[in-house]
Amino acid sequence: MTVHDVTHLDALWEMASIAAIENFDLNPAEAFVFGGAILLHDAAMTLAAFPGGIAELREQTEWRDLHARYMASVAEGDTLAAEKAEDRATEDALRLLHAKQAENLPTISWLGPQKQPMFIIEDQQVRNFYGQKIGKIAYSHWWSIAKVEEELSGTLGALPDVTNCTVDLLKVACLLRVGDAMHLDQRRAPAFDFALLQPTGISANHWKFQERMAKPFVQADALVYTAQPPFEVDAADAWWAAFDALQMVDRELRDVDRVLRDRQKMPLLVRRVEGAHSPSDLARTVETDGWVPVDSTVRVSDVPKIVATLGGSKLYGDSTAAPIRELIQNGLDAITARRRLQGRPAKWGELRVVLEKRDDGFWLYFEDNGVGMSQTVLTGPLIDFGNSFWKSSLAIQEFPGLAAAGMKSRGKYGIGFFSVFMLGDVVRVISRRYDRDTQSARVLEFRHGLGSRPNLRHADPKEAPLDGGTRIEVKLKTNPFEPDGLLHRETPFSEKQVARLSRVIAAIAPACDVAISVAQDEEPPGHTAASDWLEVQSSTLLNRIVGGDDEDDQPAASTKAWDELVELRDEDGKLYGRARIDAGSQWGRSGLVTVDGLAASKVGMIAGILIGVETTASRNSARPIVPAPVLASWSSEQAIVLAAAEIPDAEKAEAAAVVMRCGGDVATLPIIWWQEQWMTASQFVDAIKLCDRLEVYEGSINHDDDDDVTRREFDSSFEASAMIAQTIDGRYGHTRDTDWIASVTQGRGYTPLDIIESLLRDAWGE
């Protein structure tokens, strides 16, 4: 940071005088409040501003939020990284809190040498009367101009027996605001201080440009900045930092001028910064040497096209599941945040998904009772492509304490909302903050897709979420029951080609920790309870995964032990999934990897759910996070259950191959076909001891299209020698079905051939 010491404070009087016209006077009371606000506006950017020091700062919600955010990326046991995260949280918290703490400085005390309380404003009467307003005006230099106008538009009367002067709070706040913005000159960046501090990055650029800046002067209604010496090519980054800073000054001057004129108050002399809107114009006064500044910043001229490309079908494909998944995810994040903020139970909250026929077509909407969005968020991060609200500093300001409460958002990239335009061009977002009244609800409406500018309006009380939260509505561009529609299904195995919305939603979100209710005209309502995937019958969960029939359409659940889904947990009880080995399934896949309860990718060899992390921004691919020892232990338990199962030995052998790949113990499962039977390990050892030679074919012997005989002839006539041993089909080796297993075991699994060779060594010796 550049200098914030007393030279900066003194300069603000000078900057205010430059900005104001001659008859823009401050009476004695206004001068006292203005001077106090100048003194305190940046004074809290130090631990000394907190009487309790670092301990008091660490008690602040913002420090805890920042610390939690930075610690999230620190590996367990890395003490050096943890210390750096703590230091970073302290530095950033001081900057984030300095304006807020400035409001408290006039009224807090420090202990003197005799343990006596000491105040910045010594006179108690003056402190009690003016202190709070001085602090608020000092704080206001960090606010938006709209908040300044809203909260400081009044007049403070005179302090009896001290003065007859009133204080125009808005005038004083505006003067502080422009004075602070205007002060960009050599006094804030002394060259010797730079040599001592050696700032880097953005901070260094600010030092380098301010070190060259002269005091600004007024020309007509413009503030003119000059600099010497000119900026060489090597100092181009510093020049651009100056350009950005002067654009900020220009915005402040224009905003303050508008507010003062709207309130019919005396305007300032200056209303803008000369050259602030054109690099070439600014270069006439803030000169360059050997290069010409051209505003060639990378820009996107066709924002809707980029958003449609990167946030639509080009990223997610043509599947309607992607936008539904993203909208569900947004709702889950909002509900999780409210749980954390209000200390709600772990399963509190509900997301509603509704499909309804209206006069103008079919509408699909998603409504959550989460934290909701303020107008700032609704018109900012929500529609700022690539900007994730949950990872921004605004999230700490909007919901202090949320990060420290353990909030870990599902949304990471700031692009998910835009996928809704894959479903339709007419989109409405109705949101109401959970802690504000119905009148605060707002509606953001897109009428013609991403190519149109959205409209913002006050929500009608009837359309605002009843208990706070957000509803996203989209008018479907395609009839959901027709080909390419949301519910239409192309399948050769069923004449019924229209799915229920409840089944579609359940398949997309089979394992969420938030209840989801689904409503559709003339169809029975659907409902999945929070985290019920651990409690429902195995058959119910499997039907949910494949988008099968609802519970009332299902056959009776199986009571066979080998059909049951089993939880995967480590020694500490941490959950990694609920699944069973399902090697014998030839049609479809009922094994699924979920991310935060949402379907990501199908996997083979198992039925059920494994918890994973996404491997793509579109979240349509994921890898399981189950540790190799947990997978091996689970597969060993599966081997014991399957060995006792009433299923053919060939299926047991297939299951054994999966157990091997998982690094488990096959127990008494058969592992090899020999002498016209499937043999377990012990049976094979006993039989092989009588032989001194073994011929093994890896996989079963099947017809090949290049063979001289037809498949029919092969199937009817071919017979392998009983002395040729065969293992399970090669598809249980390194194939797509087992790639996920290999990613978990990192090559520590084994194959039937590995087991057979080991058993031969046991039987024959080395």
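The shown structure was predicted, so the numbers you read here are calculated from the model rather than taken from an experiment. Sequential numbering from 1 along the given sequence is applied to the chain's residues. Scope of the values below: all heavy atoms of this structure, side chains included, with no hydrogens, waters or symmetry mates.
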**OP:** With rounding to the nearest 0.5 Å, note down the distance linking CD in Glu637 to CG in Leu642.
**Re:** 12.0 Å
Subject >> Interatomic distance, Arg544 atom CZ to Ser590 atom OG [nearest 0.5 angstrom] >> reply: 14.5 Å
Original post:
Do Trp533 and Thr594 pass the side chain to side chain contact (heavy atoms under 4.5 Å, CB included) test, and can you show the C-alpha distance, the side-chain angles, and the key distance before you say yes or no?
Top reply: CA-CA 12 Å; Trp533 68 285; Thr594 63; 5.9 Å; no
Original post:
For Cys691, does its backbone N or O pair with a side-chain atom of Trp764 as donor and acceptor, under 3.5 Å?
Top reply: yes
Original post:
Between the main-chain N or O of Val709 and the side-chain N or O of His703, is there a donor-acceptor pair closer than 3.5 Å?
Top reply: yes
**OP:** Indicate yes or no for a side-chain donor-acceptor contact from Asp532 to the backbone of Ala529 under 3.5 Å, with no hydrogens or angles considered.
**Re:** yes
Original post:
Quick one: CG on Leu332 to CD on Gln329, what's the gap to the nearest 0.5 Å?
Top reply: 7.5 Å
Subject >> Ile606 and Arg580, any side-chain heavy atoms less than 4.5 Å apart >> reply: no
Original post:
Is the number of heavy atoms from other residues, nucleotides or ligands under 6.0 Å of Lys347 NZ greater than 12?
Top reply: yes
Original post:
Which heavy atom of Leu565 sits nearest a heavy atom of Ser538, and at what distance?
Top reply: N-OG, 2.9 Å
Subject >> Ala650 versus Trp678, closest heavy-atom pair with distance >> reply: CA-NE1, 3.6 Å
Subject >> Value rounded to 0.5 Å, distance of CG in Asp596 from CD in Glu614 >> reply: 7.5 Å
Original post:
Looking at Ala720 and Ile701, what are the two nearest heavy atoms and their distance?
Top reply: CB-CD1, 4.0 Å
Original post:
At what distance, to the nearest 0.5 angstrom, does CE of Met407 lie from CZ of Arg69?
Top reply: 11.0 Å
**OP:** Identify the two heavy atoms, one from Ala763 and one from Ile688, that lie closest to each other, and give their separation to 0.1 Å.
**Re:** CB-CG2, 3.4 Å
Subject >> Validation row: Ile328, Val514 side chains within 4.5 angstrom (heavy atoms) >> reply: no
Original post:
Can you check whether Val74 reaches Asp78 side chain to side chain, under 4.5 Å on heavy atoms?
Top reply: yes
**OP:** Could you tell me whether a side-chain N or O of Lys560 sits under 3.5 Å from a main-chain N or O of Glu646, the two making a donor and an acceptor?
**Re:** no
Original post:
With a 4.5 Å heavy-atom cut-off, do Val685 and Leu760 have their side chains touching?
Top reply: no
Original post:
What is the ring orientation for Phe421 with Phe417, classed by angle as parallel under 30°, tilted 30 to 60°, or perpendicular over 60°?
Top reply: perpendicular
Original post:
Crowded around Asp704 CG? As in, over 12 foreign heavy atoms under 6.0 Å?
Top reply: yes
Subject >> Between CZ on residue Arg352 and OG on residue Ser517, distance to nearest 0.5 Å >> reply: 5.5 Å
Original post:
After noting the C-alpha distance and the side-chain angles of Ile755 and Val666, does the key distance pass the side chain to side chain contact (heavy atoms under 4.5 Å, CB included) rule?
Top reply: CA-CA 10 Å; Ile755 293 292; Val666 296; 5.6 Å; no
**OP:** Decide yes or no for Leu423 and Leu364: does some side-chain heavy atom of the first lie under 4.5 Å from some side-chain heavy atom of the second?
**Re:** yes
Original post:
Would a distance-only check, ignoring hydrogens and angles, find a side-chain to backbone donor-acceptor pair under 3.5 Å from Thr727 to Gly699?
Top reply: yes
Original post:
Taking it one step at a time, do Ile741 and Val658 satisfy side chain to side chain contact (heavy atoms under 4.5 Å, CB included)?
Top reply: CA-CA 9 Å; Ile741 301 177; Val658 179; 4.3 Å; yes
Original post:
Is any side-chain heavy atom of Lys84 less than 4.5 Å from a side-chain heavy atom of Leu80?
Top reply: yes
Subject >> SB check Asp705 Arg711 (cutoff 4.0 Å) >> reply: yes
Original post:
Counting only heavy atoms not in Arg623, do more than 12 fall under 6.0 Å of its CZ?
Top reply: no
**OP:** Identify the two heavy atoms, one from Ala628 and one from Val744, that lie closest to each other, and give their separation to 0.1 Å.
**Re:** CB-O, 3.7 Å
Original post:
Is any side-chain N of the basic residue among Asp513 and Arg339 closer than 4.0 Å to the acidic one's carboxylate O?
Top reply: yes
Subject >> Asn543 versus Thr540, side-chain donor and acceptor atoms under 3.5 Å >> reply: no
**OP:** Look at Arg693 together with Glu695 and state whether they make a salt bridge at an N to O cut-off of under 4.0 Å.
**Re:** yes
Original post:
Within the side chain of Thr745, is there an N or O that forms a donor-acceptor pair under 3.5 Å with the backbone of Cys662?
Top reply: no
Subject >> Phe684 backbone acceptor or donor facing Trp674 side chain under 3.5 Å >> reply: no
Original post:
Taking the side chain as C-beta and beyond, is there a heavy-atom pair between Leu355 and Leu476 under 4.5 Å?
Top reply: yes
**OP:** Report yes or no: do Gln638 and Ser635 form a side-chain donor-acceptor pair below 3.5 Å?
**Re:** no
Original post:
Could Glu567 and Arg578 be called an ion pair, given the rule that one side-chain N must be under 4.0 Å from one carboxylate O?
Top reply: no
Original post:
Would you say Lys602 has more than 12 foreign heavy atoms packed within less than 6.0 Å of its NZ?
Top reply: yes
**OP:** Keeping the roles fixed (side chain from Ser717, backbone from Phe714), state whether a donor-acceptor pair exists under 3.5 Å.
**Re:** no
Original post:
Where do Val566 and Leu568 land on the side chain to side chain contact (heavy atoms under 4.5 Å, CB included) test, with the steps shown first?
Top reply: CA-CA 7 Å; Val566 179; Leu568 289 82; over 6 Å; no
Subject >> Check: Leu327 main-chain N/O paired with Asn330 side-chain donor or acceptor under 3.5 Å >> reply: no
Subject >> Glu535 CD: over 12 foreign heavy atoms closer than 6.0 Å >> reply: yes
Original post:
How far apart are the closest heavy atoms of Ala687 and Met679, and which atoms are they?
Top reply: CB-CE, 4.1 Å
Original post:
Taking atom CG of Asp484 as the centre, does the number of heavy atoms from other residues, nucleotides or ligands within less than 6.0 Å exceed 12?
Top reply: no
Original post:
Hey, is the main chain of Ala561 close enough, under 3.5 Å, to the side chain of Glu564 for a donor-acceptor pair?
Top reply: no
Subject >> Min side-chain heavy-atom separation Asn479-Phe362 under 4.5 Å >> reply: yes
